[in-house]
Amino acid sequence: MTDQTIALQFTSVSFSYPALQVLEDVSFHFHSGEFIALVGPNGSGKTTLLKLILGLEQPQAGTIRLLGQSPKKSSNLIGYVPQHASYDPTFPITVQEVVRMGLVGSVKRGQRKQELEQALWALEQVELAHLASRPYSELSGGQRRRVLVARALCAKPGMLILDEPAANMDKESERRLYATLAHLKGATTILIVTHDMRQVSDLTDRVFCIDAHKEGGVGRTVVQHALEDYEDGIKRVRHDVKLSGDQCQKEAFNG
Amino acid sequence: MDNLAGFFGALGSPDFPFVRNAFFAGLLSSVLFGVLGSVVTVKRIAGLAGAISHAVLGGIGIALYLSATGKVPGLSPMVGAIVFALLSALIIGTVSLKSKQREDTVIQAIWAIGMSIGVLFMAKTPGYTDPSSYLFGNILLISSQDLVLLLVLDVVVVFLAWRFYPQIEASAFDEEFAQVRGIPTRAVFLMILSVTAIAVVLLQTFVGIVMVIAMLTLPAGTAGYTAKNLASMMAGATLYAFFFSFSGLVVGWVVDVPVGAMVVVIAGAFFLGRAAGNLIAKRRKSHDKGEKSPA
């Protein structure tokens, strides 16, 4: 299902905060239609890397191309599913209105009827169309996360980015979420950012790790690790088998 | 009952224009309290609005002093209030965006310093100036010109809220996502803060600082318990604000007490009553669930 079009490419990217070098000489890429996991422990620079991809931070060195453009220019082609950990349960809003937010422009007002139709379509993709009129705060944590996936899908993006999609989720909700992602795989490029260093979903084509520093470097870098089948629905990350971030690994590694 | 009949008689009588003006002031300010109050509540910046509305006293004190001592003859207290409101909005907004961890300290500092400057300058102003008259205001002293100003501000605020509703809603609900969608969230935040600051200045000269901050939070807070979305919260808060203003005016007239303070007490009692009712309903619901679930 994947093609050779590059969806995201980092070339020698470095980023630092005033007193802290976070990323140094990061180079990796993946293709359109692929299902990618980007893993790293807490504090490794995952959030910074995500902000760079989303165009919320600018690198001090190197270039980032997202769907053929700079991240800032291509932000409308991205469907982003944040953790939304600071969610306010007293905020009055319905499920449908949350999903319509995925179509909001920087200053423009959209067509209400068209937006409603698209929001309903997106809710159907995550099998939650029957909850469209319900208050968002009445949903379970797993349902809320799927609503956020629908919000990201609403603008029919070329790429879906999910930050810690399974955090604080029970097994059944997680299974439903990954069933939705399996349905989308191939038609949409999917990037999952997670702190789980050992296991990833069996949907994953390639896994990139925010790894230790390169020799002589201060900031962290990104390397590609091999994957092996572990048990039903899960793949294990082979941290002992490192590949270059720019190496296209088409064949799954099987031990 | 005679007093109540007297109030409605005065409301319709051309001999008591101040009662009619107070009624229309309540009506027009309710729109501002409802719309801006809902935005302030969902953005969780009531503390910021509180600091701005109290810091305004500093500008009023300085303007009164400069005018009374002849240093700047005829300087209106409203000019001083606008300068202080925008200045404090700028400082608080910048600190809030650049250094979140210092936000609380700066809000409290601006609140206290602004009020203290006001009290100091009023003390040195020739003649007697009572700071409490600015804290509680007097809705019965509103002129027809003031009503026109309120109407203009109503139109501007309602238009901005309608025009940028999706951007305001998105940046209040999920700021990070709004940024990714290209919404200038900082500009939206500073715009909300500036409009709130200007509205606070206008409203506080009519109804007093305490009533402004109470009415920016209590009607929206009360409406928030039943609102389905931000738009219905704005509509509900506007109706509540008008109901509180009108009942405060009626009760204030009937029992002969300050109207501003009465409005705040009624709004506060309603909000607390609604909060208590909500808490009891939640407890009952969880209790019922506990009883129904198998052992």
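We name chains A, B, ... by the order of the sequence lines, and we start the count at 1 in each one.
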Visitor: Looking at CG of N229(B) and OH of Y136(A), how far apart are the two atoms once the value is rounded to the nearest 0.5 Å?
Guide: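 Rounded to the nearest 0.5 Å, the CG-OH separation comes to 15.5 Å.
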Visitor: Which atom pair, heavy atoms only, marks the closest approach of P92(A) to A227(B)?
Guide: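 Nearest pair, atom of P92(A) first, then A227(B): CB-O, 3.6 Å.
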Visitor: Heavy atoms only, distances under 4.5 angstrom: which of G105(A), A152(A), P71(A) has the most pairs with chain B? Name it, please.
Guide: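 Among the listed options, the one with the most contacts to chain B is G105(A).
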Visitor: With a sphere of 6.0 Å drawn around CZ of R274(B), does it hold more than 12 non-hydrogen atoms of other residues, nucleotides or ligands?
Guide: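 Above 12, so yes.
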Visitor: Got a second to check how far S133(A)'s OG is from K228(B)'s NZ, nearest 0.5 Å?
Guide: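 Nearest 0.5 Å value for the OG-NZ distance: 5.5 Å.
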Visitor: Under the salt bridge (charged side-chain N to carboxylate O under 4.0 Å, His left out) definition, can you give me all pairs with a residue in residues 151-162 of chain A, not counting sequence neighbours?
Guide: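 As it turns out, the salt bridge (charged side-chain N to carboxylate O under 4.0 Å, His left out) pairs with a partner in residues 151-162 of chain A, which skip direct neighbours, are R151(A)-D174(B).
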Visitor: Determine the option with the most heavy-atom pairs under 4.5 angstrom with chain A, choosing from S232(B), A178(B), A172(B).
Guide: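 The candidate making the most pairs under 4.5 Å is A172(B).
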Visitor: For Y80(A), is it the side chain, the backbone, both, or neither that has a heavy atom closer than 4.5 Å to a heavy atom of chain B?
Guide: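 Both backbone and side chain.
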Visitor: If you tally heavy-atom pairs under 4.5 Å against chain A, which of V188(B), L230(B), T185(B), V42(B) wins?
Guide: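 Winner by heavy-atom pair count: V42(B).
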Visitor: Can you tell me how far CE of M101(A) sits from CD of Q167(B), rounded to the nearest 0.5 angstrom?
Guide: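 Between Q167(B) CD and M101(A) CE, I get 11.0 Å after rounding to 0.5 Å.
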Visitor: How are the rings of Y87(A) and F173(B) set relative to one another: parallel (under 30°), tilted (30 to 60°) or perpendicular (over 60°)?
Guide: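 Aromatic pair Y87(A)/F173(B) classed perpendicular.
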Visitor: If you count heavy-atom pairs under 4.5 Å with chain B, which of V98(A), L54(A), I93(A) comes out on top?
Guide: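 Among the listed options, the one with the most contacts to chain B is I93(A).
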Visitor: Which value, rounded to the nearest 0.5 Å, describes the distance between R181(B) atom CZ and I78(A) atom CD1?
Guide: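 So the gap between those two atoms works out to 10.5 Å.
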Visitor: Report the option among G102(A), S75(A), S137(A) that has the most heavy-atom pairs separated by less than 4.5 Å from atoms of chain B.
Guide: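 Sorted descending by pairs with chain B, the first entry is G102(A).
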Visitor: Checking heavy atoms, do the side chain of R44(B), its backbone, both or neither come under 4.5 Å from chain A?
Guide: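 When you check distances to chain A, only side chain atoms of R44(B) fall under 4.5 Å.
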Visitor: Using non-hydrogen atoms only, which part of A231(B) is less than 4.5 Å away from chain A: side chain, backbone, both, or neither?
Guide: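 Nothing of A231(B), per the 4.5 Å heavy-atom cut-off to chain A.
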Visitor: Per the salt bridge (charged side-chain N to carboxylate O under 4.0 Å, His left out) rule, what does the pair list look like for residues 56-82 of chain A, sequence neighbours excluded?
Guide: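 Salt bridge (charged side-chain N to carboxylate O under 4.0 Å, His left out) check on residues 56-82 of chain A returns no pairs.
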Visitor: Check whether more than 12 heavy atoms from other residues, nucleotides or ligands sit under 6.0 Å from atom CD of Q111(A), and answer yes or no.
Guide: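 No - once you tally the heavy atoms of other residues, nucleotides and ligands closer than 6.0 Å, there are 12 at most.
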Visitor: Check whether any side-chain heavy atom of P82(A) sits under 4.5 Å from a side-chain heavy atom of V180(B), and report yes or no.
Guide: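 Side-chain contact under 4.5 Å: no.
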Visitor: Measure E169(B) against the heavy atoms of chain A and call it side chain, backbone, both or neither at under 4.5 Å.
Guide: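 The answer is both parts of E169(B).
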